[in-house]
Number of protein chains: 2
Amino acid sequence: MTPPPTPPAFRPLFAQIKELIVDRIRAGEWQPGEPLPSETEFAEFYQASQGTVRKAITEMADENLVVRFRGKGTFVASHTRERALSHFFKLFRDDGGKDLPSSRPFSCRRQKATRAMEERLGLERGAGVVVIERVRLLDERPLIFEIVVVPEALFPDVCASLQDSLPNEFYPYYETKYGVRVIRAIEQLRSVAADEREAEILEIAVGTPVLEIDRVAVTYDDKPVEWRRSRCNTRDHHYLSVLN
Amino acid sequence: MTPPPTPPAFRPLFAQIKELIVDRIRAGEWQPGEPLPSETEFAEFYQASQGTVRKAITEMADENLVVRFRGKGTFVASHTRERALSHFFKLFRDDGGKDLPSSRPFSCRRQKATRAMEERLGLERGAGVVVIERVRLLDERPLIFEIVVVPEALFPDVCASLQDSLPNEFYPYYETKYGVRVIRAIEQLRSVAADEREAEILEIAVGTPVLEIDRVAVTYDDKPVEWRRSRCNTRDHHYLSVLN
DNA sequence: GAGTGGTCTAGACCACTGT
DNA sequence: CAGTGGTCTAGACCACTCT
């Protein structure tokens, strides 16, 4: 007759409402950029007070799932170029200057996932993936060499599509063309030596220290949707991280 | 008769109250670890509702300035070893294992600030600084070589004090011994080649790529209190960064 | 002017901590 | 038990946007 190990698990009403709304966003009830129902509408719908709904939506806004505009409404977050650059691009010039990145595609091919890819992307054995290589330039100089790996199941025919559009930022592209929404990314940083190929591409000497950024991008349920390994020349740039 | 460029600047009541309370914490009215007055006490004091005070304190908690415990009260945040490691130490083992860092002091000396130090620490020309060098070990192996620079004015006789205590984490030490509270740190990461000295200390070959972490730690008014340059061997470790 | 999010209030009840 | 923070409500007013 011992009490249950995990007590009845009281969940605040606002947390439940938040989960319900997030589920509906995930299900695609409102597309990125579209307005959500107003707080009062939600309040009536879920039979709660406006303040409770407000708290639910506030948490969603804190997690960048939605964006609020006073007088206008609340909108499903979208991967604009602005957001991609401010939230998901942490490389800055040492002198504080601002430069716009461009990108040069290298290759795009379909293959079977390696063990490492399966593990990082949470795929089953033998699943297909698409591997994209590209160079990102800042100020017309090659700065980053990237290998991007995505599950083929999520992004069918992405190679063919890339021929047409050649987007600079991938996440807005994933969103509009495939309905895949990246909401968070986990990065592991290391210092490694540039190999021959990277050296040539980045126009540096073989063995030059480069910053490796190993990123897994995930969507709503922390489900991985992209694995990306970047090698960055940090001679005149740095990666910015703020700790609280 | 044009309207003022910056409109009257309406500040919400909760923001004003927050600022007032933060000012009082900064002034030392309550020490780290000590309880603040309750929300209802603050509400009465500032002639506001409990909900408004609550919102002010919630923001302070979000910024890790205070810690709340249900049923107990709200306390000024303190640099426990836990917090130092979880919030200000981002290096982890690749295999996910956990290892406790220890540290070996190297040198501690007083000198005049270089131009770089003046700039990073916001010091006047010719100000005195204390430069501390140390090695941090994980699993008994040297992993990080650090140069720590602090203004002498803030930390008088720190070299002598360090002889006695030799703390592993500096921020709790700054807090208890000097009343200096680090609340945020800004880090710039680069990949560089280990020089002779670093190579010897870290037991690696000269020229091995190491991760440079260039950190400025600040206190309440974003005032710099420490500049730290770490060189990390990332052969079996990585720096973790989460993007939203 | 109607509708949106943002602030503020006053009061209620709950969960938890101390005594 | 009283006191704390945590949740929830109902209602008011403000700042802003759009029509």
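Remember, predicted model here, so these are calculated numbers, not experimental data. Naming: A, B, ... by sequence-line order, numbering from 1 per chain.
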Trainee: Specify whether A:Phe92 and A:His238 have parallel, tilted or perpendicular ring planes, treating 30° as the upper limit for parallel and 60° as the lower limit for perpendicular.
Mentor: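 Correct class here is tilted.
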Trainee: Taking DNA chain D as the partner, which of residues 14-33 of chain A come within under 4.0 angstrom of it by heavy atom?
Mentor: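 Those residues whose heavy atoms fall under 4.0 Å from DNA chain D, taken from residues 14-33 of chain A in numerical order, are A:Phe14.
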Trainee: Does B:Ser38 have a side-chain nitrogen or oxygen under 4.0 Å from the phosphate oxygens OP1 or OP2 of D:dG3?
Mentor: no
Trainee: B:Arg11 has an atom CZ; how far is it from atom C1' of C:dG6, in whole Å?
Mentor: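 After rounding, the gap between these two atoms is 15 Å.
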Trainee: Any idea which heavy atoms bring B:Ser161 and B:Tyr178 closest together, and the distance?
Mentor: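 Smallest heavy-atom distance, with atoms named: OG-OH, 3.2 Å.
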Trainee: For B:Glu39 and C:dA10, give me the distance from atom CD to atom P, rounded to whole Å.
Mentor: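 Atom-to-atom, B:Glu39 to C:dA10, this comes out as 16 Å.
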Trainee: Using atom CD of B:Glu59 as one end and atom P of C:dG6 as the other, report the distance to the nearest whole Å.
Mentor: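 About 13 Å, once rounded to whole Å.
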Trainee: Is the charged tip of A:Arg134 near the ring of A:Phe170: under 6.0 Å from the six-membered ring centre and within 45° of its axis?
Mentor: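 Judged by the rule, A:Arg134 and A:Phe170 form a cation-pi pair.
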Trainee: Nearest to the side chain of A:Ala48 - D:dT9, C:dT9, C:dG6?
Mentor: D:dT9
Trainee: I'd like to know whether the aromatic ring centres of A:Tyr174 and A:Tyr171 sit less than 6.0 Å apart in this structure.
Mentor: yes
Trainee: Reading nucleotides 14-19 of chain C from the 5' end, what letters show protein touch, with B for base, S for backbone sugar-phosphate only, - for no heavy atom under 4.0 Å?
Mentor: -BBBS-
Trainee: From NZ of A:Lys55 over to C1' of C:dG6, roughly how many Å is that when rounded to an integer?
Mentor: 16 Å
Trainee: What is the distance, to the nearest angstrom, from the CD atom on A:Glu44 to the P atom on D:dG11?
Mentor: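 From A:Glu44 CD to D:dG11 P: 14 Å.
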Trainee: How many whole angstroms separate atom CZ of A:Phe75 from atom P of D:dT17?
Mentor: 12 Å
Trainee: Measure from the side chain of B:Thr52, starting at C-beta and using heavy atoms only, and say which of D:dT7, C:dT9, C:dT4 lies closest.
Mentor: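 It is C:dT9.
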Trainee: Rounded to the Å, how far apart are A:Phe42 CZ and C:dG3 P?
Mentor: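 Roughly 18 Å, once rounded to whole Å.
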Trainee: Rounded off to whole Å, could you give me the CZ-to-P distance for the A:Phe69 and D:dA15 pair?
Mentor: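 A:Phe69 atom CZ is separated from D:dA15 atom P by 21 Å.
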Trainee: Please confirm whether the shortest side-chain N or O distance from A:Thr74 to OP1 or OP2 of C:dG5 is below 4.0 Å.
Mentor: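 It does, given that an N or O in the side chain of A:Thr74 lies less than 4.0 Å from OP1 or OP2 of C:dG5.
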Trainee: For the side chain of B:Ser49, starting at C-beta, report the closest nucleotide among C:dG6, C:dT7, C:dT9.
Mentor: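 In terms of side-chain proximity for B:Ser49, the closest of C:dG6, C:dT7, C:dT9 is C:dT9.
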Trainee: Under the rule for ring pair (Phe, Tyr, Trp, His ring centres under 6.0 Å), what residues qualify as partners of B:His87, not counting sequence neighbours?
Mentor: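 Listed in chain order: nothing, the list is empty.
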Trainee: Cation-pi check, A:Arg215 to A:Phe88: give yes when NZ or CZ is under 6.0 Å from the six-membered ring centre and within 45° of the ring axis, no otherwise.
Mentor: no
Trainee: Just checking, is any N or O donor in the side chain of A:Arg190 or B:Tyr239 under 3.5 Å from an acceptor N or O on the other one?
Mentor: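 On atom types as modelled, these side chains do not qualify, holding no pair under 3.5 Å.
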Trainee: Going by atom types alone, do B:Arg136 and B:Ser230 pair a side-chain donor with an acceptor below 3.5 Å?
Mentor: no
Trainee: Quick one: is C:dT4 close enough that its OP1 or OP2 comes under 4.0 Å of any side-chain N or O from A:Arg68?
Mentor: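 The answer is no; no side-chain N or O of A:Arg68 sits under 4.0 Å from OP1 or OP2.
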Trainee: If you check the B:Thr40 side chain, which of C:dT9, D:dT4, C:dT4 turns out closest?
Mentor: D:dT4
Trainee: Taking atom types as modelled, find out whether A:Ser38 and A:Thr40 have a side-chain donor-acceptor pair closer than 3.5 angstrom.
Mentor: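 There is such a pair (donor and acceptor under 3.5 Å, judged by atom type) between the side chains of A:Ser38 and A:Thr40.
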Trainee: Which residue lies toward the 5' end of DNA chain D, A:Gln47 or A:Gln50, if each is placed at its nearest nucleotide?
Mentor: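 Comparing both residues, the 5'-ward one is A:Gln47.
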Trainee: Is there a salt bridge (charged side-chain N to carboxylate O under 4.0 Å, His left out) between A:Arg228 and A:Glu187 once you walk through the steps?
Mentor: CA-CA 9 Å; A:Arg228 181 185 294 207; A:Glu187 300 192 326; over 6 Å; no
